[in-house]
Trainee: 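Quick one: the structure is below, questions incoming.
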Amino acid sequence: MASITVNEQLATIDVAGEKPLLWALREDLGLKGAKYGCGVGLCGACTVLVDGQAVRACVTPVSQAYDKTVTTIEGLDDELGRRLKNKWKALKVAQCGYCQTGQIMSAYHLLNQPEQASPEPIAQRLNNICRCGTYVRIHQAVSEVSAEMGARGLTDGQ
Amino acid sequence: MDNDVSRRRFLQTTAAGSVALIVACSDDGQVQSTAGLDAGPLDDVSVIDPDMQVDGGLRPNRTLQTWVRIDEDEGIHIAMHKAEMGQGIHTALPLIVAEELDAAISQIKVLVVGEVGDYTLRTGLPITSASNSVSSSFEPFRKVGASAKHVLKQAAAARWNIDIEAISTLNGACYHPSGERLTYGSLVEDASVLQPPDEPQLKRFDEFRLIGHDQERFIDGEIVDGRAVFGIDSAPDDALYAAIRHAPTPNGVPINVAALGSDDPAVRAIVALPNAIAVVAASFWTAKTVVETLPVEFSAPNSDQEISSAAIESELFAGLSTEGNEVLVVGDVASVFTGNDTVQTSDYFVPHLAHVPLEPVNATVRLDETGCDIWLPTQSPTYVQRAVAGTAGLDLVQVRVHATLLGGGFGRKVDTDYAVAAVQIAQAVGETVQLIWSREEDIRKDRFRPAFSGRLSGVIDGDGNLAGFEAINCGDSVLGFGAGDPLSAQGLNALPYDIDNQRIVHVYKESPIESGFWRSIGHSQNTFFAESFIDEMAFIAGRDPLEFRLGMLADSPRVAEVLRRAAALGQWGDGTDPSIGQGIALCVDYGSVLAVVADVSVDSETKAIRVHKLSAAVDCGLVIQPTGVRAQVEGGLLFGMSAALFEEITLESGSVQQSNFFDYPVLYGRDAPDIQVDIIARQDPPGGMGEIAVGPVAPAIANAIYRLTGTRLRRLPLQTTIRQDG
Ligand code: FES
Ligand code: FES
């Protein structure tokens, strides 16, 4: 028996510690927003945040999340998360939609660390597969949210 | 319009104590309705009673293309057998009905239904494929909307005692000239006893309020919140999970299943299937881990060992010299070629390809005394219903197909192999089971785009024109039709160019591994062959590839316009950056036309191909959802580009060598080019959009590389080819 704080709720979980976080979330906690796409850390469909860091939940043992804070797409509702989700809707980014929860989690992680701002363009730093080919819109959405947050940050003094 | 509609019936029903207005339309465009339609509780599969007494209109052996049902609570349901897999069809088709019905789009819900009772397919394929969804559904969906609206107006006219012409309709209600309003729901009972007009009045295209204007997609909210339910998300809480491991070679069978066991308490069962074993456990992760490590032995005929990519390739090239099926003959190519020593002949090749939808195939099955419930992502609920009924020994109506969202389809989810396996496993364990194929199984046990060879020949006359063109291709039939599969020559048998002498031949050669539909089907190989070779001939003629093509399109102004617009968008021939080459290619099919210009560079050291920009112009007739069309072009271009550059399935000793994204690389965002799309709006019936962008990408890139480097790449994937012989 171990505990994890998932989307701000304390959950207890009783599974093998090496069970991947992805399957613990989906099967044991009923959170199916994180998807299975490859199981080996290559596609990013399973991306969630553990203590604020984006991880590929399919290759992260659930034990690594014990006593930590996990945020999944279902719980991503702070300002940045909402802006990203709204932008995704406004630009009609999704096609099949299967990769998009992972894309948004990865984008959130990227935009949430301005101190690590990199000269590399956004496209180079998002490593999630979209088999439907929505990359152009993903990059546009992230760029626009980034610009909006930056602009807001300047005026808010944040 | 509509003169193919010989008879029109429109009935409706009051049954099971509820009243609903139901209008149906069959595949051949007949608007009908029947007193047998059950207006009881909505169920997503058994809406039509198979034993119903047919009243003149509906006959067995035909498909209902759609029906619309309007309830007294203002809810409107539209049934279709088209699945949503990212192409936006569950937005576009309701929009068409709402347009003619003058309903609010928010009132409408979509039901995906399978084959129902006796109403089997009349013509065509009951699948979401071949880009036919919008184009084939346009008329029937308009008609059900218009027919339903007409009787609702009639009912309102009677209620108000005014002329029907005085009534206007908007957002699900009829309006009296005074402004008084009656909602459709309040008119359902009256309307349900009225006879329909023989020809419902359809709107003129310029009267459309919804069509052509982007609508909010309700599914987007569910997707971004992680609430959208794909097949993989539909296991009920009490379900067990199954993982599968297929025999490594095509004809292998497991032989030591009785000796297999697991001491993991989470494992519930080990199940032998004809060509695989499955492990059932409380967790998919457990099932997958155990199935991968079990010491299973498979037995296979020795001939399986001889299957290899090298052997397949040499067979396909040998096949080009054997007799084939002449699918098109225009003029007399032989007379132009004979004795002419300037005939150019080039051999092309494309490998097997996997689909790799990001959601691997999966199915959840519950069997009980009433039949079978199956939840799955499928491009054909109808095929699933048939396959499950056959496997489980049930009647069709006992199979309730719950078609979920698809996490990508691309043709893979037309097949029913994963549904059948899930039923077999559920039968063996007697519990509700969700079977998920791991990514590895999804790739290794795909139904592949078959490898194809092509031999193309042509000759340029004294005026620099293409005087003769011959194309022979050799490969498998994705329809399982053998030599007569029309899709094997798709992309060669109807070139838009005016060429006096043409001969197109297909040589059928069965693939040793399973073949299936792959987005754009025949175009995925043939458009690469044809549009690369046309480019070769342009250079032989010493002419600009765009101008060379336009010269053969004098009688096809619509096609020529698309080429010109793509060239303009891509600044064709601008040539200011010497490190970039440009290539152009064209595709005409599904009632649509698309041309694309690719801007490409090649790293002189690493030979890495970089596509900087794709500029596409498209004419798909009437545009239902502009953003949807744009998305399909973007997605199609990138799907084609991924295969053009990277994708290849290889076989050794009968086994597929690839298993996951590290050895079956697909396009990542960092390699995605800028994409520009010019949509040419027309007031013609809508053409298909899901596939037309896929085929022309590979030749556009290859043609650009030729322009830049002088090397003609005639084999996909280009990134591999350029490193081998570039
Ligand atoms: S499923 Fe985790 S990275 Fe692909
Ligand atoms: S939207 Fe389908 S995989 Fe990205």
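Side-chain atoms are counted along with the backbone in the values below, which use heavy atoms only and exclude waters and symmetry mates. Lettering follows sequence order; numbering is per chain, from 1.
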Trainee: Once rounded to the nearest 0.5 Å, what's the spacing between atom OH of B:Y664 and atom SG of A:C38?
Mentor: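 Spacing of OH (B:Y664) from SG (A:C38) equals 15.5 Å.
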Trainee: Side chain, backbone, both or neither: which part of B:E222 has a heavy atom under 4.5 Å from chain A?
Mentor: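 Nothing of B:E222, per the 4.5 Å heavy-atom cut-off to chain A.
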Trainee: Quick one: what part of B:L638 sits under 4.5 Å from any heavy atom of chain A, side chain, backbone, both or neither?
Mentor: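 Side chain only.
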Trainee: Taking the side chain as everything from C-beta on, heavy atoms only, tell me whether A:C43 gets closer than 4.5 Å to B:L358.
Mentor: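 Side chain of A:C43 against side chain of B:L358, heavy atoms only: contact under 4.5 Å found.
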Trainee: Does a salt bridge link A:R26 with B:D233, judged by any charged N lying under 4.0 Å from a carboxylate O?
Mentor: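 Yes.
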Trainee: Could you have a look at B:M641, B:H355, B:R519 and say which one has the most heavy-atom pairs with chain A under 4.5 angstrom?
Mentor: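 That would be B:H355.
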Trainee: Less than 4.5 Å to any heavy atom of chain B: does that hold for the side chain of A:K35, its backbone, both, or neither?
Mentor: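 For A:K35, side-chain heavy atoms alone lie under 4.5 Å from chain B.
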Trainee: B:R227 versus chain A, heavy atoms under 4.5 Å apart: side chain, backbone, both or neither?
Mentor: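 B:R227 has no heavy atom closer than 4.5 Å to chain A.
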Trainee: Find the one option among A:K92, A:Q124, A:Q100 whose heavy-atom pairs under 4.5 Å with chain B are most numerous.
Mentor: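 Top option by heavy-atom pairs under 4.5 Å: A:K92.
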Trainee: Select, from A:I138, A:V40, A:T134, the one with the greatest count of heavy-atom pairs under 4.5 Å involving chain B.
Mentor: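 Option with the top pair count is A:V40.
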Trainee: Quick one: are B:Q632 and A:Q95 in side-chain contact, heavy atoms under 4.5 Å?
Mentor: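 Side chain of B:Q632 against side chain of A:Q95, heavy atoms only: contact under 4.5 Å found.
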Trainee: Indicate yes or no: at least one non-hydrogen side-chain atom of B:F410 is less than 4.5 angstrom from one of A:C132.
Mentor: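 The answer is yes; the side chains approach within 4.5 Å.
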Trainee: Taking B:R439's backbone N and O only, do any of them form a donor-acceptor pair with A:Y36's side chain (distance below 3.5 Å, no angle check)?
Mentor: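 Present.
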Trainee: Could you give me the CA-CA distance, side-chain angles and deciding distance for A:W88 and B:I223, then say whether side-chain contact (heavy atoms from CB on, under 4.5 Å) is met?
Mentor: CA-CA 10 Å; A:W88 245 250; B:I223 286 172; 6.0 Å; no
Trainee: Assess whether side-chain contact (heavy atoms from CB on, under 4.5 Å) is satisfied between A:I104 and B:V224, documenting all intermediate values.
Mentor: CA-CA 8 Å; A:I104 292 170; B:V224 301; 3.8 Å; yes
Trainee: Salt bridge between A:R137 and B:E634, side-chain N to carboxylate O under 4.0 Å?
Mentor: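 Salt bridge between A:R137 and B:E634, a charged N being under 4.0 Å from a carboxylate O: yes.
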Trainee: Evaluate whether atom CG of B:D237 has more than 12 neighbouring non-hydrogen atoms of other residues, nucleotides or ligands under 6.0 angstrom away.
Mentor: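 Counting neighbours around CG of B:D237, 12 or fewer heavy atoms of other residues, nucleotides or ligands fall under 6.0 Å, so no.
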Trainee: With heavy-atom distances below 4.5 Å as the criterion, would you say the side chains of A:L126 and B:R670 are in contact?
Mentor: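 In short, these two side chains do not touch, never coming nearer than 4.5 Å.
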Trainee: Might you work through the side-chain contact (heavy atoms from CB on, under 4.5 Å) test for A:W23 and B:K288, ending with a clear yes or no?
Mentor: CA-CA 11 Å; A:W23 298 109; B:K288 176 176 181 291; 6.0 Å; no
Trainee: Heavy-atom pairs under 4.5 Å with chain A are the metric here; pick the option from B:P360, B:S283, B:A228, B:A672 that has the most.
Mentor: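 Going by pairs under 4.5 Å, I would pick B:S283.
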Trainee: Considering all heavy atoms of both residues, which atom of A:Y135 and which atom of B:L667 are nearest to each other, and what is their separation?
Mentor: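 Heavy atoms only, the tightest pair is OH-O, 2.6 Å.
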Trainee: Could you check whether any side-chain N or O of A:R131 sits under 3.5 Å from a backbone N or O of B:E359, counting only pairs where one atom can act as donor and the other as acceptor?
Mentor: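 Answer holds: no.
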Trainee: Check whether B:F662 gets within reach of chain A through its side chain, its backbone, both or neither, counting any heavy atom under 4.5 Å.
Mentor: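 It is both, since atoms from each part get that close.
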Trainee: Sort B:Y668 into side chain, backbone, both or neither according to what part of it lies under 4.5 angstrom from a heavy atom of chain A.
Mentor: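 The answer is both parts of B:Y668.
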Trainee: Sort out for me which of A:I73, A:V136, A:I129 touches chain B most, counting heavy-atom pairs under 4.5 Å.
Mentor: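 The residue among A:I73, A:V136, A:I129 with the greatest pair count is A:I129.
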Trainee: Search all heavy atoms of B:F661 against all heavy atoms of A:G37 and return the closest pair with its distance.
Mentor: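 Reported closest heavy-atom pair: CE1-O, 3.8 Å.
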Trainee: Counting only non-hydrogen atoms closer than 4.5 Å, does B:S642 touch chain A with its backbone (N, CA, C, O), its side chain (CB onward), both, or neither?
Mentor: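 Contact with chain A is through the side chain of B:S642 alone.
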Trainee: Need one label for B:D225: side chain, backbone, both or neither, based on atoms under 4.5 Å from any heavy atom in chain A.
Mentor: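 For B:D225, heavy atoms of backbone and side chain both lie under 4.5 Å from chain A.
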